[in-house]
A.B. asks: 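I'd like to ask some things about the structure below.
We count ligands from 1, going down the list as the structure has it; atoms in each ligand are counted the same way. These values consider heavy atoms only, across backbone and side chains, with no hydrogens, waters or symmetry-generated copies.
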Amino acid sequence: MAQIIDGKVISKQIKDEVKEKVSAYKAQGIEISLAVVLVGNDPASTVYVGNKKKACEYTGINSVSYELPEDTTEAELLELIDKLNNDDKINGILVQLPLPKHIDEDKVIKAISPLKDVDGFHPMSVGALSIGQPGFVSCTPAGIIELIKRSGADIEGKECVVIGRSNIVGKPMALLLLRENGTVTICHSRTKNLKEVCKRADILVVAIGRPKMIDKSYVKDGAVVIDVGIHRGADNKLCGDVDFASVEPVAGAITPVPGGVGPMTIAMLMNNCVNSVAIQKK
Ligand code: GUN
């Protein structure tokens with residue numbers, strides 16, 4: 001029976017730690033503000049943005065909301081970002097993705113000042129991470145490191161396998177595991193012998209985007225298994241990329257879906273907002 005790594009409990013711990021740091025800053029007269037920008041009315045994005053604002057309220061971070069119509073032009077959005085970059089009262093800028101098709105996401109991500117890039121998506125933030133310099137780290141992989149450490153597992157010297165090479169999860173995940181002195185392999189759709197590679201892993205991070213693809217035949221006895229996927233199954237229940245019922249009996253520790261990785265992303269966003277004060281002082 002595996003240890004269940006509870007993302008709800010760990011994300012609450014992190015938000016409580018952030019809350020304390022925010023109130024210590026407040027005692028010194030320093031307020032922290034996050035600008036949250038939503039373009040259009042994608043239902044999932046609207047829910048995510050609502051949850052981010054709620055987390056700000058909980059931790060004592062001010063959220064300043066910009067809800068823009070679907071037909072906002074790229075130039076208008078870039079103009080808003082420029083204004084927020086130059087506003088000393090704004091510490092973090094979050095532009096919810098995906099953006100409507102007529103707006104170039106890469107251009108928007110690059111327009112955000114790296115000093116306010118609390119999502120950690122700017123090429124400067126990713127570059128800093130890859131050469132071991134301080135900067136903002138993408139929230140989901142940063143949250144996964146916290147899940148692994150706070151569950152009591154060591155990363156140093158361990159075989160770490162990441163399935164998925166996206167810019168938001170897979171690549172920064174591999175860099176973070178490397179920073180923790182793991183021995184890291186990245187797998188993807190063209191990987192040969194995926195099963196054999198996964199079977200070597202002491203720590204297996206799965207971000208493939210295919211429901212229940214990873215069953216126990218991919219997992220070494222006692223491995224820590226982190227499931228980044230979230231899907232709604234034919235039975236209307238949520239499931240991950242990992243077949244939980246198959247893997248749980250062989251894993252040493254495993255994240256459930258829901259309630260594993262999911263809640264960590266917003267907690268780490270709050271953590272990045274509080275860290276922004278020190279980053280901006282430098
Ligand atoms: N859309 C889905 N996840 C994210 C995220 O972490 N940040 C932003 N900005 N948009 C998202």
A.B. asks: Between the protein and ligand 1, which nitrogen or oxygen pairs come in under 3.5 Å, and how far apart is each?
C.D. replies:
unit_1	atom_1	unit_2	atom_2	d
ligand 1	1 (N)	Gln96	NE2	3.2
ligand 1	1 (N)	Leu97	O	2.8
ligand 1	7 (N)	Asp119	OD1	3.1
ligand 1	7 (N)	Asp119	OD2	3.3
ligand 1	9 (N)	Val95	O	2.8
ligand 1	9 (N)	Asp119	OD2	2.6
ligand 1	10 (N)	Leu97	N	3.0

A.B. asks: Salt bridge (charged side-chain N to carboxylate O under 4.0 Å, His left out): which pairs involve residues 151-175, sequence neighbours left out?
C.D. replies: none
A.B. asks: Any Lys/Arg nitrogen of Arg150 or Glu17 sitting under 4.0 Å from an Asp/Glu carboxylate oxygen of the other?
C.D. replies: yes
A.B. asks: Count the heavy atoms belonging to other residues, nucleotides or ligands that lie under 6.0 Å from CD of Gln3, then report whether that count exceeds 12.
C.D. replies: yes
A.B. asks: I need the full list of salt bridge (charged side-chain N to carboxylate O under 4.0 Å, His left out) pairs touching residues 21-46, with sequence neighbours left out, sorted by first then second residue.
C.D. replies: none
A.B. asks: Using the salt bridge (charged side-chain N to carboxylate O under 4.0 Å, His left out) rule, collect all pairs that involve residues 63-73, keeping only residues at least two apart or in two chains.
C.D. replies: Lys53-Glu67
A.B. asks: Quick one: do the Gln280 and Lys116 side chains pair a donor with an acceptor below 3.5 Å?
C.D. replies: no
